[in-house]
Amino acid sequence: MIEYAIVSLVAAITSFFIANFIYFRNPKNSLNRVIAIFSTLIALMALCEFAYRLAETPESAFIWLKLSALWPLIPAVIANIALVFTRRSHILKLKVSYLIIYGPALIFVFLGLATNLFVGSPIPEYWGWTYSIPADETIYDLFAIWTVVVSFLSALVVFLFYFHAEGMEKKQSLYISLGIFMPLVISLITDYILRGFSIKVPELTQTLLTLGLVFIAYGVWRYNFPVLTPTLASEKIVSTMPNFLMLSDHRGRITKINDSIISVLGYQESDLIGKPFYEIFAPTQKINLKKALYDGKQINLESVICSIKNQEIDVFLNISPIFSILKDPTGFVIIGTDLTETKKAMRKIIENEFKFRSVVEQTSDGVFLSVESGKIIDWNKSMEKITGIKKAEATSKSVYEVIYQTNSPNEIELELPFIKEKYDDIFSSKNLPDEIKIQDREIIHTNGSLRNITVNNFFVEKSNPLMLCTVVQDITDRKEFENSLKTSLEEKEVLLREIHHRVKNNLQIISSLLNLQTVYINDEEALNLFKESQNRVRSMSMIHESLYQSRDLAHIDFSIYISRLSNELLSSYGVNINLISLKTDLENIFLDINTAIPCGLIITELFTNSIKYAFPHGRKGIINIKFQRDKGDNFILEVSDDGVGLPEDIDIKQTKSLGMRLVNSLVDQLDGTIEVDSSSGTRFVIKFQELEYESRV
């Protein structure tokens with residue numbers, strides 16, 4: 001008997017100690033207070049249980065059993081805990097709520113103290129005196145039903161909250177559920193169900209609830225709950241500090257605000273409690289604030305907070321996480337320092353400093369500064385001259401409006417919101433796209449004239465607030481000169497093409513005259529001379545024709561020229577391509593006219609020589625032409641055949657042949673060298689560089 005009484009005494013002392021521990025953990029928190037009341041009631045009930053178990057007479061046991069009739073308050077307090085814990089405290093603000101929760105409990109307490117309808121006469125058991133159920137069980141049954149309903153609804157509210165909670169709140173829900181509701185369920189089984197089957201066991205309710213309170217106290221020590229406001233800071237410091245201060249839980253929901261937020265921003269606690277703290281910041285800031293919340297690290301940044309009237313205030317923001325003993329995040333402290341006056345002073349300093357920069361004012365280039373809000377804070381005299389917009393007018397507008405106002409009708413028309421969005425992105429990312437850094441634009445002056453400008457944008461280093469400097473250079477005169485020069489060049493190009501065209505025509509006329517003259521020549525040697533001269537004229541004519549047809553009037557694609565020239569020569573001499581074939585190995589090389597003409601004549605002479613002399617009596621053979629770039633600026637021209645070859649005693653430097661003398665002369669003109677190999681057919685190798693002529697005045 002004594003051991004059961006001692007268990008009840010230990011439960012009473014433990015519950016009383018836990019009540020003090022939880023209350024003084026944070027006496028201003030409503031959840032701490034109501035759990036402390038719950039623990040105190042458990043301590044009182046355990047103390048009554050200890051007393052009536054050790055009572056020596058039924059009369060003294062009955063007195064303590066009557067006092068234990070205060071037990072109906074416990075289910076009511078449990079319901080109160082469930083509402084406060086699941087953030088339904090607003091229900092308790094209605095006076096009728098307390099009447100619904102505590103009214104039935106007080107009625108049962110009154111009946112238990114004033115009548116014998118609630119608790120029957122004490123009966124002795126092996127664990128000591130215990131209560132009996134009255135003969136009229138109506139009140140007792142109503143109390144049992146009421147206790148089960150209230151406990152079930154309270155547990156349901158907490159369990160539903162558990163399934164929607166995350167992180168620390170989920171742990172809190174688990175500790176509350178296991179610490180209160182599980183012992184209550186077991187006690188209901190022992191006190192009602194087992195008694196209904198006449199199974200007698202000691203009352204375990206107070207002991208089990210005490211064990212549950214020990215479990216909750218452990219959670220308070222380890223995870224800093226049920227303190228839902230993650231701060232133990234002094235309320236006086238919080239309320240009087242001039243900075244904006246908010247306390248939030250680990251999900252960023254506001255649990256406390258100070259007087260500065262109420263007086264300066266116009267919010268009331270009821271407007272903000274339970275809402276994410278980032279909701280009262282400017283929309284552009286929410287992404288950074290959410291990231292800081294999810295990272296769970298201390299962060300400092302500039303931001304923009306909004307008043308209840310949607311007025312934006314620049315603040316320097318410090319977000320610091322609060323950790324439990326085991327380093328789990330339980331909430332955040334958010335402190336904002338108003339930067340309005342600081343920024344005004346800084347902007348004034350920057351403006352005054354810029355005004356004294358005489359170099360900027362005297363430069364011929366336009367210069368203006370804009371800040372993150374888009375406002376233009378400076379506009380020099382050259383900008384007034386370039387655009388026609390006065391400084392006073394420009395500084396009363398945003399950079400977006402000025403760009404929109406000066407847009408030329410000849411450029412792609414951009415809507416004002418698009419321009420604003422583009423510059424907002426530039427400031428938020430602090431990154432200038434390449435097309436914005438330097439760009440050529442056409443703008444419209446206020447007098448209606450069109451001006452060509454070059455715009456150079458860059459961020460001013462270490463500026464606070466962030467400033468964008470724009471330097472504008474008026475290039476209208478230069479553009480006009482460039483256009484004039486371009487027109488002149490186009491005219492000269494047309495004239496030069498016409499010259500090449502006429503030279504080509506004249507050379508073709510000479511070639512035609514030579515062709516007509518051959519009709520009257522009977523001497524075969526003279527006829528060959530005329531034909532060779534005609535081919536030489538034709539090779540030069542083709543040079544001018546290639547230049548006339550080329551986009552580049554200074555250079556000829558010589559690989560194409562060689563192909564055309566060799567085919568023309570084969571056709572001119574009526575070569576049977578079944579007997580004599582042509583092979584070429586030509587690199588894509590461009591030559592100017594000064595090099596192309598002598599090089600073309602050399603090919604004409606050597607190719608003609610192979611046609612005429614390399615394949616006598618219908619002999620088959622191949623003529624090869626190879627033209628490639630050697631090391632550096634050197635070129636190699638190779639004309640070869642697999643014919644009979646040159647006589648052994650011939651010296652190409654001393655020959656009296658007009659063709660070979662012309663080849664030697666042209667090679668000298670190119671400052672080149674010529675080599676001959678007659679070991680297998682004939683192979684001429686000429687090495688030269690492109691000629692460089694000094695400009696003629």
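With K430 contributing its side chain and I426 its backbone, the two residues share no donor-acceptor pair below 3.5 Å. Side-chain atoms of S307 come within 3.5 Å of backbone atoms of Q311 as a donor-acceptor pair (strictly under, hydrogens ignored). Between the side chain of K256 and the backbone N or O of S248 there is no donor-acceptor pair closer than 3.5 Å. In terms of modelled atom types and a separation under 3.5 Å, the side chain of N310 and the main chain of C306 share no donor-acceptor contact. Put simply, the side chain of N32 never gets that close to the backbone of P27: no donor and acceptor are under 3.5 Å apart. Side-chain N or O atoms of S97 include one that pairs as donor or acceptor with a backbone N or O of I91 at under 3.5 Å. Judged by distance alone, with hydrogens and angles left aside, the side-chain atoms of S428 form a donor-acceptor pair with the main-chain N or O of D425 at under 3.5 Å. With hydrogens and angles ignored, the 3.5 Å screen pairs no side-chain donor or acceptor of T14 with any backbone N or O of A11. Between the side chain of S15 and the backbone N or O of T40 there is no donor-acceptor pair closer than 3.5 Å. In this structure, N80 contributes its side chain and L83 its backbone to no donor-acceptor pair below 3.5 Å.
Residue F16 places its CZ atom among 12 or fewer non-hydrogen atoms of other residues, nucleotides or ligands, all under 6.0 Å distant. The neighbour count for F17 CZ, taken as heavy atoms of other residues, nucleotides or ligands under 6.0 Å away, does not exceed 12.
Between the side chains of T207 and T210, no donor-acceptor pair is found at a separation under 3.5 Å. Under 3.5 Å, the side chains of T337 and N243 contain a donor-acceptor pair of N or O atoms. Side-chain atoms of N318 and S320 include a donor-acceptor pair closer than 3.5 Å.
Heavy atoms only, all atoms of each residue included: P122 and P58 are closest at CG-O, 3.4 Å. Scanning all heavy atoms of the two residues, the minimum distance from I261 to L245 falls at CD1-O, 3.3 Å. Nearest heavy-atom pair, A61 versus Y52, reported as atom, atom and distance to 0.1 Å: O-CB, 3.7 Å. The shortest heavy-atom contact between F281 and K286 is O-CE, 3.7 Å. Taking every heavy atom of both residues into account, L113 and A69 meet most closely at N-CB, 4.2 Å. Between A12 and L47 the shortest heavy-atom distance is CB-N, 3.7 Å.
Using bins of under 30°, 30° to 60° and over 60° for the plane-to-plane angle, the ring pair F108/W146 lands in the tilted bin.
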Could you check E401 against K420 for salt bridge (charged side-chain N to carboxylate O under 4.0 Å, His left out), going step by step and ending with a plain yes or no?
CA-CA 8 Å; E401 294 172 308; K420 182 180 185 305; over 6 Å; no
